[in-house]
Number of protein chains: 2
Amino acid sequence: MPKIGMEPLRRKALIDATISAIGERGTLDVTMSEIAGRAGVSAALAHHYFGAKEDLLQATMRYLLSELNADCRTALKLGTTPRARVSAVISVNFSEKQFRPETIAAWLAFYVEAQKSPALRRLLKVYARRLHSNLMSGLSALLPRSEAERVAETTAALIDGLYIRRALKDGVPDATTAAALIEDYLETKLADAKAG
Amino acid sequence: MPKIGMEPLRRKALIDATISAIGERGTLDVTMSEIAGRAGVSAALAHHYFGAKEDLLQATMRYLLSELNADCRTALKLGTTPRARVSAVISVNFSEKQFRPETIAAWLAFYVEAQKSPALRRLLKVYARRLHSNLMSGLSALLPRSEAERVAETTAALIDGLYIRRALKDGVPDATTAAALIEDYLETKLADAKAG
DNA sequence: GTTTTTATTGATTGATGGCTCAATTAAAAA
DNA sequence: TTTTTAATTGAGCCATCAATCAATAAAAAC
């Protein structure tokens, strides 16, 4: 069956399978066989293309990170005013594509795994830095520096917190409600600053 | 060596060992031997007292939950005004005892495991409900119901979010800074409500 | 002093799962 | 046509662990 040029297709399929497997199980404790099975190939092939399991997990996380980043860049381009740019960053995090149970479960699982794995921790730091600077790109024009920093910090924590709560899917905040909570916070904060 | 009455001592020691093991590794992926070793006993004894590993993990989580709850009750008793009661709940979550790397790592790990284990999920729901009602016990006197609900929701998410960020210990928010962020949010929100 | 009960462990079992490897297929290159 | 090379896998090795069990030791009960 070997058609040539399978590698990129298989890699993508395996990464997708990894996300959906993690999403369903809710843990990184998924076997290579499970993942490979979902991708329609053997476990041996997964090892062939990715080496160790950890490499596949890293690749998966890098993929999630790059998707989020791409969405962010697109959204930021559309936002003309500083205020709009802040909202853009937030809305990306709660978009259909990002705020899905699978994706969220994967993020959460990676957060935990990052404590063991320096490589994953490095990736998460990249994410945190990017989020912060994306938020600041709008906020620094709206608030004095130290206040802007604080609001960015709080917003970032809120995003993480709402993700976690969504993962437990107690029926709690859906995407729009979650985003609305953050917008509400921002509005209050900005109005307060203007009033002095 | 068998002195009688060892059971409660061993159970406590094993639970403590579980927390510290999880805290150090950052995962629930700790072996029974590792835990037992830290408690100064054999793996067999851990099984003797707790049965399966999952039972030990559940007991550990129940312990964390009960400690947090006890601290909360104490703090709530001291708060006389509604406003003070809200602050009390927050400060407990960021107290020396609760906001420690080990404890936080354990919480985070349990959040993830809860996706697999219905028993753990049930326990986390108890926690979420308690936190919510503890917050509401102060907030409902300060804000109209729906607004109070929203603020409680946001505060809870903020706590979770700050916990997660602490777990990655990028040097980010220490306990006091974290608590201050939430207090700042509350102040703005309450002032806004009074003015608005 | 014998028996029962509690505390405790080393050794073992059984299962799981990551990873390797030799073997197969068929496309592409020579 | 022959040879090389990419794609692919089943079978199996090996390590890790959770869980069990039979055996030991000493306190308590009788």
Side-chain angles (χ1 to χ4, degrees), chain A residues 1-22 24-61 109-110 112-113 115-120, chain B residues 1-22 24-61 109-110 112-113 115-120:
Chain A
M1 306 148 187
K3 275 178 198 161
I4 207 173
M6 282 290 104
E7 178 157 358
L9 301 181
R10 295 308 190 196
R11 290 188 100 96
K12 179 65 163 65
L14 282 164
I15 287 177
D16 286 346
T18 304
I19 295 173
S20 90
I22 293 175
E24 207 161 288
R25 286 256 189 297
T27 319
L28 294 195
D29 274 336
V30 281
T31 69
M32 289 296 272
S33 308
E34 162 81 12
I35 294 171
R38 279 168 187 262
V41 298
S42 74
L45 194 69
H47 281 286
H48 174 64
Y49 283 130
F50 282 97
K53 184 183 178 183
E54 207 191 315
D55 298 323
L56 172 55
L57 294 180
Q58 271 178 45
T60 302
M61 188 162 170
F110 279 125
V112 169
E113 192 71 5
Q115 314 232 353
K116 278 199 253 177
S117 158
L120 288 185
Chain B
M1 305 152 187
K3 275 178 197 162
I4 208 173
M6 283 289 101
E7 179 156 358
L9 301 181
R10 295 306 191 197
R11 290 187 102 95
K12 178 65 163 66
L14 282 165
I15 287 178
D16 286 345
T18 304
I19 295 173
S20 89
I22 293 174
E24 207 162 287
R25 286 256 191 297
T27 318
L28 293 196
D29 274 336
V30 280
T31 69
M32 288 298 269
S33 308
E34 162 81 12
I35 294 171
R38 278 168 188 263
V41 298
S42 74
L45 195 69
H47 280 287
H48 174 65
Y49 283 129
F50 283 97
K53 184 183 179 183
E54 207 189 316
D55 298 323
L56 173 55
L57 294 180
Q58 270 178 46
T60 301
M61 187 160 172
F110 279 125
V112 170
E113 191 71 4
Q115 314 232 351
K116 277 198 253 178
S117 158
L120 288 185

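None of the values given here were measured: they were computed from a predicted structure. Residue numbers begin at 1 in each chain, while the letters A, B, ... track the order of the sequences.
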Query raised in the report: Is there a side-chain polar atom (N or O) of A/Y49 under 4.0 Å from OP1 or OP2 of D/dA6?
Result: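 Checking A/Y49 against D/dA6: no side-chain N or O falls below 4.0 Å of OP1 or OP2.
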
Query raised in the report: Between B/R10 and C/dT6, is there a side-chain N or O to OP1/OP2 distance below 4.0 Å?
Result: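 Looking at the OP1 and OP2 atoms of C/dT6, neither is under 4.0 Å from any side-chain N or O of B/R10.
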
Nearest-angstrom distance from the residue atom [atom1] of [X] to [atom2] of [N]:
X     : N      : atom1 : atom2 : value
B/R11 : C/dT6  : CZ    : C1'   : 14 Å
B/D55 : D/dA18 : CG    : C1'   : 12 Å
B/L56 : D/dA19 : CG    : C1'   : 14 Å
B/K53 : C/dA15 : NZ    : P     : 19 Å
A/E54 : C/dG17 : CD    : P     : 18 Å
B/H48 : C/dG10 : NE2   : P     : 15 Å
A/M6  : C/dA28 : CE    : P     : 11 Å
B/L45 : C/dT9  : CG    : P     : 6 Å

**Report entry** Stepwise side-chain contact (heavy atoms from CB on, under 4.5 Å) test for B/T60 and B/F110
**Finding:** CA-CA 10 Å; B/T60 301; B/F110 279 125; 4.2 Å; yes

Selection from [options] that lies nearest to any side-chain heavy atom of [X]:
X     : options                : value
A/E7  : D/dT20, C/dA7, D/dA7   : D/dA7
A/I4  : C/dG10, C/dA28, D/dA19 : C/dA28
A/H47 : D/dA19, D/dG10, C/dC19 : C/dC19
A/M32 : D/dT9, C/dA7, C/dG18   : C/dG18

Query raised in the report: Hey, are A/R25 and A/D29 close enough for a salt bridge, meaning a charged N less than 4.0 Å from a carboxylate O?
Result: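 Salt bridge between A/R25 and A/D29, a charged N being under 4.0 Å from a carboxylate O: no.
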
Requested in this report: Could you tell me whether B/E24 and B/R38 make a salt bridge, using a distance below 4.0 angstrom between a side-chain N and a carboxylate O?
Outcome: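 Yes, B/E24 and B/R38 are salt-bridged.
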
Report task. Quick one: label A/A52 by what it contacts on the DNA or RNA (base, sugar-phosphate, nothing), any heavy atom closer than 4.0 Å. Result ->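 Result for A/A52 = sugar-phosphate.
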
Requested in this report: Give A/S42 one of three labels, base, sugar-phosphate or nothing, depending on what nucleic acid heavy atoms sit under 4.0 Å from its own.
Outcome: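 Base contact - A/S42 has a heavy atom under 4.0 Å of at least one base atom.
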
Report task. Could you walk me through whether B/L57 and B/L28 pass the side-chain contact (heavy atoms from CB on, under 4.5 Å) test, one step at a time? Result -> CA-CA 8 Å; B/L57 294 180; B/L28 293 196; 4.2 Å; yes

Query raised in the report: Are A/R10 and A/F50 side-chain neighbours, meaning at least one heavy-atom pair lies under 4.5 Å?
Result: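 Contact flag for A/R10/A/F50 side chains = no.
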
Report task. Select from A/A44 and A/V30 the residue whose nearest nucleotide in DNA chain C is closer to the 5' end of that strand. Result ->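 Mapping each residue to its closest nucleotide by heavy atoms, the 5'-most match is A/V30.
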
